**Student:** 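If you scroll down you'll find the structure; I have some questions about it.
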Amino acid sequence: MRILIVSRYKSKITNHVSPFVAEQYASLHEVGCDVELFLLQSNCFNQWQTLRTKICEFRPDIIHAHYGLSCLLANLATRKVPIVSTYHGSDINLPKIRPLSKMAMRLSAWNIFVSKRNMELVGAIEGKKCSLLPCGVALSDGQLQTREEARKALGWNTDAKKVLFAGAFDNAVKDPELAKRAVALLDETELIELKGYSRKEVNQLMCAANCLLMTSKTEGSPQVIKEAMACGCPIVSVDVGDVAERTTGIDGCYIVSSREPEELASALTKALVFKGKINGRERIIELGLTNEQVACRIMKIYEDIIGK
């Protein structure tokens, strides 16, 4: 089966694809697909003809597009090849982008949403030309490190209180100021920005930290939460995206219903004294959210479309 994945560059500066799209690409290859990747610049509609040429050259059985604007462009570039569209959150949450994503939904052969909230925002019903399927996460032996082992490797003090911030401090959507205000209410607690690290380094930080803190204003199905779960890292988060859905019932995970620094600080206090790893890795497998499990579910979507 020949699959052309269409996505955007993650940024103008780094010119690379989002890690979860790259991992899905690799996972589809591993389950037997002949996969190629076509990346779009920020002004993707200028590349309409280039995409048409790529489709003619590669002759895919399915085009799988990621993000609303890419999904719309893929549908406009061809009506001969079925389009599977995945929406990742900002393409549904942002009011100015949502109408374009809804247009892509109508044109696509199938639509994949990473969170139930995003489906509700556009009135999508599971089974009616759409699926709820978050992106998967890679599991590795490095995620099994104990806190003590990871801290020794990083040179951290055993008793230091370390909180990972779920993103970059310069990303306003992640609301770093709220996180900083909450952590400032705690004694001798350091907030660490997750920016500029490799996947291996992120895993080590998550194994070493007391907890991960998410204060985002909007999310779809944040990968950083699933990565923290895979590493057994306790989680404190506002109720955003599908975080509550993924972590409910896991000891060491705390969802705060308000955006008050005091309530976040109270939840952080509990997370900071949590011993050992949370039961996140097992939950990932139970939910069918490893990269391999997700790739197999996507393959089934492809097969059903081609079968029709």
Side-chain angles (χ1 to χ4, degrees), residues 1-12 14-88 90-92 97 100-114 122 124 126-136 138 288 290-308:
M1 191 182 302
R2 297 168 70 83
I3 309 298
L4 179 63
I5 293 180
V6 177
S7 187
R8 65 189 187 191
Y9 283 107
K10 186 177 180 181
S11 76
K12 298 176 184 177
T14 57
N15 272 0
H16 65 273
V17 68
S18 296
F20 48 86
V21 174
E23 288 181 3
Q24 194 171 105
Y25 167 94
S27 297
L28 287 169
H29 179 74
E30 288 172 6
V31 296
C33 290
D34 181 3
V35 194
E36 286 204 14
L37 184 63
F38 184 89
L39 295 180
L40 299 163
Q41 302 288 347
S42 55
N43 190 354
C44 63
F45 289 100
N46 287 344
Q47 296 171 267
W48 177 79
Q49 188 58 54
T50 309
L51 177 56
R52 282 179 61 87
T53 300
K54 178 64 177 180
I55 294 168
C56 291
E57 290 173 351
F58 183 56
R59 300 179 67 185
D61 298 298
I62 296 279
I63 296 172
H64 190 160
H66 290 263
Y67 300 100
L69 294 181
S70 303
C71 299
L72 181 55
L73 178 63
N75 275 285
L76 295 176
T78 180
R79 297 308 296 156
K80 295 180 180 180
V81 183
I83 310 294
V84 173
S85 295
T86 294
Y87 308 91
H88 289 276
S90 59
D91 41 17
I92 301 296
I97 303 296
L100 299 175
S101 295
K102 292 178 76 172
M103 191 181 301
M105 286 171 54
R106 290 192 291 272
L107 296 171
S108 298
W110 199 261
N111 298 285
I112 296 174
F113 295 86
V114 298
V122 293
E126 192 165 8
K128 293 189 175 181
K129 214 173 76 166
C130 75
S131 298
L132 172 61
L133 181 55
C135 291
T290 69
N291 279 336
E292 295 77 9
Q293 290 170 313
V294 170
C296 288
R297 291 167 69 181
I298 292 173
M299 271 286 287
K300 180 64 168 57
I301 291 171
Y302 296 161
E303 290 167 352
D304 287 347
I305 290 171
I306 291 174
K308 293 177 181 177

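These numbers were taken from a predicted model, which means no experiment stands behind them.
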**Student:** Nearest 0.5 Å please: distance from the NE2 atom of H66 over to the CG atom of L37.
**Tutor:**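 If we round to the nearest 0.5 Å, H66:NE2 and L37:CG are 8.5 Å apart.
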
**Student:** Where is the tightest heavy-atom contact between C130 and F113, given as atom of each residue plus distance?
**Tutor:** CB-CE1, 3.8 Å

**Student:** State, yes or no, whether a side-chain contact exists between L28 and I5 at a heavy-atom distance under 4.5 Å.
**Tutor:**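 With C-beta onward as the side chain, the pair touches.
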
**Student:** To check you understand the geometry: which heavy-atom pair defines the closest contact between S90 and I97, and what is its length?
**Tutor:** O-CB, 4.4 Å

**Student:** Do you see a donor-acceptor pair shorter than 3.5 Å between the side chains of Q293 and T290?
**Tutor:** yes

**Student:** With rounding to the nearest 0.5 Å, note down the distance linking SG in C56 to NZ in K80.
**Tutor:**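 It is 7.5 Å, given to the nearest 0.5 Å.
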
**Student:** CZ of R8 to CG of L73: how many Å apart, nearest 0.5 Å?
**Tutor:** 13.5 Å

**Student:** NE2 of H29 to OH of Y25: how many Å apart, nearest 0.5 Å?
**Tutor:**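 Rounded to the nearest 0.5 Å, the NE2-OH separation comes to 7.0 Å.
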
**Student:** Would you please say whether a donor-acceptor pair under 3.5 Å links the side chains of N111 and Y87?
**Tutor:** yes

**Student:** Using 0.5 Å steps for rounding, measure from the OG atom of S85 to the CD1 atom of I112.
**Tutor:**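 One gets 8.5 Å once the value is rounded to the nearest 0.5 Å.
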
**Student:** Between V31 and C296, is there a side-chain heavy-atom distance shorter than 4.5 Å?
**Tutor:**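 In short, these two side chains touch, coming nearer than 4.5 Å.
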
**Student:** Just so I know, are the side chains of T50 and F38 near enough to count as touching, which here means a heavy-atom distance under 4.5 Å?
**Tutor:** yes

**Student:** What distance do L40 atom CG and L51 atom CG have between them, rounded to the nearest 0.5 Å?
**Tutor:**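 Going from the CG atom of L40 to the CG atom of L51 covers 6.5 Å.
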
**Student:** Does either side chain, that of Y67 or that of S18, offer a donor lying less than 3.5 Å from an acceptor on the other one?
**Tutor:** yes

**Student:** Looking at N291 and G136, what are the two nearest heavy atoms and their distance?
**Tutor:**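 Minimum heavy-atom separation between N291 and G136: OD1-C, 3.1 Å.
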
**Student:** Show the nearest heavy-atom pair for residues L107 and R79, with the distance to one decimal.
**Tutor:** O-NH2, 3.2 Å

**Student:** Could you pull out the closest heavy-atom pair between S131 and E126, with the gap in Å?
**Tutor:** CA-CG, 4.2 Å

**Student:** Less than 4.5 Å apart, any side-chain heavy atom of S108 and any of N75?
**Tutor:**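 Yes. Closest side-chain heavy atoms under 4.5 Å.
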
**Student:** Any sub-3.5 Å donor-acceptor pair from K129's side-chain atoms to A124's backbone N or O?
**Tutor:** no

**Student:** Do D91 and L69 make a side-chain contact, defined as non-hydrogen atoms from C-beta onward lying under 4.5 Å apart?
**Tutor:**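 No, every pair of side-chain atoms sits at 4.5 Å or beyond.
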
**Student:** Between C135 and V294, what is the shortest heavy-atom contact and its length?
**Tutor:** C-CG2, 4.3 Å

**Student:** A side-chain contact here means heavy atoms from C-beta on lying under 4.5 Å apart; do L39 and S7 qualify?
**Tutor:** yes

**Student:** The test is side chain to side chain contact (heavy atoms under 4.5 Å, CB included); show your working for W48 and L76 and say whether it passes.
**Tutor:** CA-CA 8 Å; W48 177 79; L76 295 176; 4.1 Å; yes

**Student:** So does E36 get a backbone contact from the side chain of R2, meaning a donor-acceptor N/O pair under 3.5 Å?
**Tutor:** no

**Student:** With a 3.5 Å distance limit and no angle check, can you tell me whether T78 reaches the backbone of A74 through a side-chain donor-acceptor pair?
**Tutor:**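 Not at all, since once roles are kept as given, no pair shorter than 3.5 Å links the two residues.
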
**Student:** Does the side chain of K54 come within less than 4.5 Å of V6's, by heavy atoms?
**Tutor:** no

**Student:** Does the S101 side chain pair with the main chain of I92, one donor and one acceptor, at a distance under 3.5 Å?
**Tutor:**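 The answer is no, because no donor-acceptor pair under 3.5 Å joins these two groups.
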
